[in-house]
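In what follows, chains carry the letters A, B, and so on, assigned in the order in which the sequence lines appear, proteins first and then strands, with residues in each chain numbered from 1.
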Amino acid sequence: MTDTAPSPDSVSSAARQLSDPAFITTLRRQMLRFATLQLGNPELAEDAVQEALIGAMKNAHAFAGQAAFKTWVFAILKNKIADTLRQRQRLVEASSLLHADEEDEDFRELFATHGHWQHDERPQTWGNPEGAVHNQ
Amino acid sequence: MKTLILAGGGHAHLFVLEALRHHPRPDLAITLVSPTRWQYYSGMIPGWLAGAYRLDECRLDLRALTEAAGVAFVEDSVIGMNADKRCICLSDGRHLHYDLLSLDTGSESDIAWLAELGERLLPVKPLGRFVTSWPTLRAAAAAQPGYRLVIAGGGAAGVELALAAAQASAAHITLLTGNTGLLAGHHRRARRRIAAALVEAGVEILNQRGAGTSTGLVLKDGRELAADCVIAATGARAPVWLQVSRLALDAAGHVRVDATHRSCSHPEVFAAGDVCARDDVLLARSGVHAVRAGPALAHNLFATIDGRPLKPYSPRRWSLYLLACGNGEAVASWGPLSAAGRWVWRWKDRIERRFMRRFTLGASPTQAKSKLTQCALKQQSGPPEESSP
């Protein structure tokens, strides 16, 4: 196993950096701007940012500092965005096929006019990949 | 005439086909839908990678099995359903209506952390695509010195793939286990044995997660891990179309079922395997449970139609996992017990081959017909032994 435990000094230093509210607030704002631009939907963006931040902060003690943390959390966010876009595309395709012959009940009701989820109709989270690994 | 649709060709549905082969139901119109006629058996795929099996030994022909069971076969994917209207939708736009539906479509590899890899990503599921892509990957690894293969996922699938790939290819292999480490949930002795086998096979182990980029992975310390290919064995997630199915789902999007594997919201829908989540017990996402729930599912589908009482599937406390090491050895892990060696591989090989023989038409006479009927219809027990599909 090549993953070594961080020294107590680096743990406290990294923890201090990550518990700096200004750092996290700025980072979160940057992430949200990026995700909203990519997804075109503030709520989906909020979800992606939240999941990326939580995922990244697990084991925050092992981070080498703010710059590394930012690289890491943005990498996670980009994947979440790519995955969300793909999943949403599949749902849209499924909905158009599923409800092609129906006029009374249109699946598109789930989406707002700009093609994004209505607030109350959004899918639930996709689950916890870590938990899935654990369960294998 | 009532219509029964079997969506997916997973392990549990093999038992339904078997029951129909022995007790045909001409009073029902039954259709099985699967994206491919070949159902690959995950328990043997690592053995195929390592060269222990031919591909045709690791797959079942759903077309032949359905024909023998008097079931119509539709080669297509389910891409949506409306449970309120008792209808499933196929990728070609066709709608199939049912009186009774059984879902065994399996799950997908969870690629939420890896989607940015694009062409470099090879998810383990669907298995058919993985099997088709493997020879290309192997050829690329042979042609390119220093080819780097990363396997993401420290569960049974990731471990077996890493060990088989180390045996079969020239690639430099890294196993990214995630924060929970190797084989979380298994006994420490089994974990130690597997760790030793990985080290011996030259597999690099990193106990952390990675996020995909266009060239490989970023690790939590900001370090980049270049990868020519990343195999996602990161665990399973439910197909996204279930979100709009109108079925009751758990928080992770799996179909909620009771102990008889009947949907908690729609009594005319059953589900087994990775696509479902039991309301009463936490089942590991393992083929073991899909196999063992199969006989109960077969019973309950026909009992529903005939108005007979349903029977629950009661999972055992521990499941036996037999993990191939790729070098003619295997590690057994069953609750607190663990063992390793060539004899474990022979044991695994016997169990896997017996499973395949059971579902292969015209297989050798060692197939115990009386046992089949007992298991599938009388519900006295699950399959005699289980392994790590």
Given side chains that start at C-beta, do those of A:Gln87 and B:Arg237 come closer than 4.5 Å, heavy atoms only? yes
Take a 6.0 Å sphere around CD of A:Glu93 and say whether it holds more than 12 heavy atoms from other residues, nucleotides or ligands. yes
Does this structure show an ion pair linking A:Arg90 with B:Glu108, if we count only N-O contacts that are shorter than 4.0 Å? yes
Kindly write out the residues that satisfy side-chain contact (heavy atoms from CB on, under 4.5 Å) with B:Thr174, not counting sequence neighbours, or none if the list is empty. B:Arg148, B:Val150, B:His172, B:Glu204, B:Leu206, B:Leu225
The reported gap from OG1 in B:Thr213 to NZ in A:Lys78 (rounded to nearest 0.5 angstrom) is 8.5 Å
The reported gap from CZ in B:Arg209 to CD1 in A:Ile76 (rounded to nearest 0.5 angstrom) is 7.5 Å
Inter-residue atom distance A:Leu97.CG - B:Leu90.CG, 0.5 Å rounding: 9.5 Å
Which heavy atom of B:Leu114 sits nearest to which heavy atom of A:Asn79, and what is that distance? C-OD1, 3.0 Å
Give the C-alpha distance, both sets of side-chain angles, the deciding distance and a yes or no for side-chain contact (heavy atoms from CB on, under 4.5 Å) between B:Trp113 and A:Lys80. CA-CA 6 Å; B:Trp113 284 53; A:Lys80 294 245 178 233; 3.7 Å; yes
Count the heavy-atom pairs under 4.5 Å between each of B:Gly80, B:Gly118, B:Ala152, B:Gly93 and chain A, then report the option with the highest count. B:Gly93
If I take atom CD from residue B:Glu224 and atom OG1 from residue A:Thr71, how far apart are they, to the nearest 0.5 angstrom? 8.0 Å
Under the side-chain contact (heavy atoms from CB on, under 4.5 Å) rule, collect the residues that match up with B:Ala7, sequence neighbours excluded. B:Val78, B:Leu101, B:Leu103, B:Thr105
Would you name the heavy atoms of A:Leu91 and B:Trp241 that are closest together and state the gap between them? CD2-CA, 4.1 Å
So which heavy atom on B:Ile79 is nearest to which on A:Ala94, and how close? O-CB, 3.1 Å
Are A:Arg86 and B:Ile111 close enough, and set up right, to give a side-chain contact (heavy atoms from CB on, under 4.5 Å), and what steps lead you there? CA-CA 11 Å; A:Arg86 194 176 306 172; B:Ile111 57 161; 3.3 Å; yes
Sidechain-backbone polar pair: A:Asp83 side chain, B:Ala115 backbone, donor-acceptor under 3.5 Å: no
